[in-house]
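Have a look at the structure below, then the notes.
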Amino acid sequence: MENKIVYLNGDYIPLNEAKVSVLDRGFLFGDGVYEVIPAYSGHLFHFQDHLQRLENSLDGIRLANPHSREQWLEILIPLLNPQFDQYIYLQVTRGVATKRDHAFPENIEATVFAMCSNIIPFAGLNHGVKAISLDDSRWQFCNIKAITLLGNILHRQEAIDNGCAEALLVKDGYVVEGAASNVFAVIDDVLITPAKSNSILPGITRDVILDIARKNDIPCREDNISFAAIQTASEIWVTSSTREIIPVVELDSKLVGDGKPGSVWHIVNHLFQAYKKSLL
Ligand code: PDD
């Protein structure tokens with residue numbers, strides 16, 4: 001196991017020494033939330049937006065934020081190596097209770113863990129990937145970045161078992177997002193992504209893409225995408241902090257457009273990469 005330095009409850013320690021109690025509510029109940037924050041050449045990308053989403057997730061599970069934004073920054077900076085493009089994984093659980101009880105325990109401290117990993121450029125970026133559609137079997141609060149990811153991982157694994165990189169999740173006849181990504185489609189030359197709701201995680205990458213599209217006069221809107229409509233899309237993308245903007249070139253074994261990353265993807269991906277560089 002890679003023995004990098006990680007942060008756990010106030011200490012910087014080697015990864016293989018980082019241990020939490022079996023009574024931690026994260027371990028017993030999945031009672032916690034997390035964030036994934038990219039850092040390019042040591043610069044945290046949209047740090048305030050990620051921290052705002054962390055605050056929203058903590059509010060969503062009624063857990064007090066153990067740190068101010070300044071403290072979070074102080075905690076995370078020492079984990080970064082500016083020689084690499086990396087991402088921070090941070091997790092806050094409700095902490096270690098004295099016994100297993102579903103009800104919130106009183107007067108315990110949250111468990112705070114953070115580690116940094118290098119971003120490995122995603123192999124499918126330039127050629128595109130295959131996706132499968134699946135019925136969304138997750139819970140009702142997908143806007144909370146909860147560590148309870150069993151639904152997501154089962155969907156992602158089903159995609160992989162079918163030779164696909166991602167599952168597009170369909171709820172009440174509408175494509176909402178991917179198992180670990182947001183979704184965009186180009187339909188009748190307009191870039192569309194579902195509006196924010198408790199059916200999707202409000203992706204930071206998603207917001208940046210919408211902003212870039214609007215500033216560059218690329219026709220776009222936030223709107224529902226029916227399962228029937230996505231089958232007519234000329235382009236489909238899935239987006240996330242660690243994989244960025246991935247073109248989907250095949251959905252349910254049918255080609256999307258001409259089966260190659262589309263022209264709008266080329267433009268927006270180029271603008272996205274330029275935007276990342278402009279922040280360094
Ligand atoms: N996941 N939707 C879901 C369900 C996700 O898990 C993610 C990201 C996104 C995209 O959000 P963002 O652009 O802020 O990364 C959307 C992260 C990367 C993960 O779980 O590792």
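These numbers come from the heavy atoms of this one structure, side chains and all, not from hydrogens, waters or symmetry mates. Note that ligands are numbered from 1 as they come in the structure, with each ligand's atoms numbered from 1 the same way. Here the structure is a predicted model, which means the values were calculated and not measured.
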Should the heavy atoms of other residues, nucleotides or ligands under 6.0 Å from [atom1] of [X] be counted, would the total exceed 12?
| X | atom1 | result |
| --- | --- | --- |
| Tyr174 | OH | no |
| Gln52 | CD | yes |
| Phe47 | CZ | yes |

*Hey, mind stepping through Lys276 and Glu244 against salt bridge (Lys or Arg N to Asp or Glu O under 4.0 Å) and telling me if it holds?*
CA-CA 11 Å; Lys276 270 167 52 187; Glu244 302 186 342; 2.6 Å; yes

Ligand-side contact atoms (ligand 1) for residue partner [X], heavy atom cut-off under 4.0 Å:
| X | result |
| --- | --- |
| Thr239 | 10 (C) |
| Ser181 | 2 (N), 3 (C), 5 (C), 7 (C), 9 (C), 16 (C) |
| Arg53 | 11 (O), 12 (P), 14 (O) |
| Ile204 | 12 (P), 13 (O), 14 (O) |
| Val36 | 19 (C), 21 (O) |

*Say whether Ser241, considering both its backbone and side-chain N or O atoms, lies within less than 3.5 Å of an N or O atom on ligand 1.*
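For ligand 1, there is an N or O atom that lies under 3.5 Å from one belonging to Ser241.
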
Looking only at heavy atoms, is any part of [X] under 4.0 Å from ligand 1, and if so is it the side chain, the backbone, or both, or is it neither?
| X | answer |
| --- | --- |
| Asn152 | side chain |
| Thr205 | both |
| Tyr34 | side chain |

*Is there a salt bridge (Lys or Arg N to Asp or Glu O under 4.0 Å) between Lys196 and Glu222 once you walk through the steps?*
CA-CA 8 Å; Lys196 288 180 187 174; Glu222 296 173 85; over 6 Å; no

*asked:* Among Arg138, Arg206, Lys171, which residue satisfies the salt bridge (charged side-chain N to carboxylate O under 4.0 Å, His left out) criterion with Glu177?
replied: Arg138

Any idea which protein heavy atom is nearest [atom], and the distance to it?
| atom | value |
| --- | --- |
| atom 11 (O) of ligand 1 | Gly203 CA, 3.4 Å |
| atom 6 (O) of ligand 1 | Ala180 CA, 3.4 Å |
| atom 18 (C) of ligand 1 | Thr242 OG1, 3.8 Å |

_Non-hydrogen atom of Arg243 closer than 4.0 Å to ligand 1_ =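 Contact absent.
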
_Just to check, does Ala179 reach to within less than 4.0 Å of ligand 1 when the distance is taken from its heavy atoms?_
yes

*Asn65 and Trp72: side chain donor to acceptor below 3.5 Å*: yes

_Regarding Glu158 and Asn162, do their side chains bring together a donor and an acceptor under 3.5 Å, going by distance alone?_
no

*asked:* Given Lys145, Glu177, Arg156, identify the one with the heavy atom nearest to atom 17 (C) of ligand 1.
replied: Lys145

*asked:* Check Arg53 with Asp49, please: is the shortest side-chain N to carboxylate O separation under 4.0 Å?
replied: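 Salt bridge flag = no for Arg53 with Asp49.
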
*Given side chain to side chain contact (heavy atoms under 4.5 Å, CB included), test Leu149 with Tyr34 step by step and report yes or no.*
CA-CA 11 Å; Leu149 287 174; Tyr34 75 107; 3.5 Å; yes

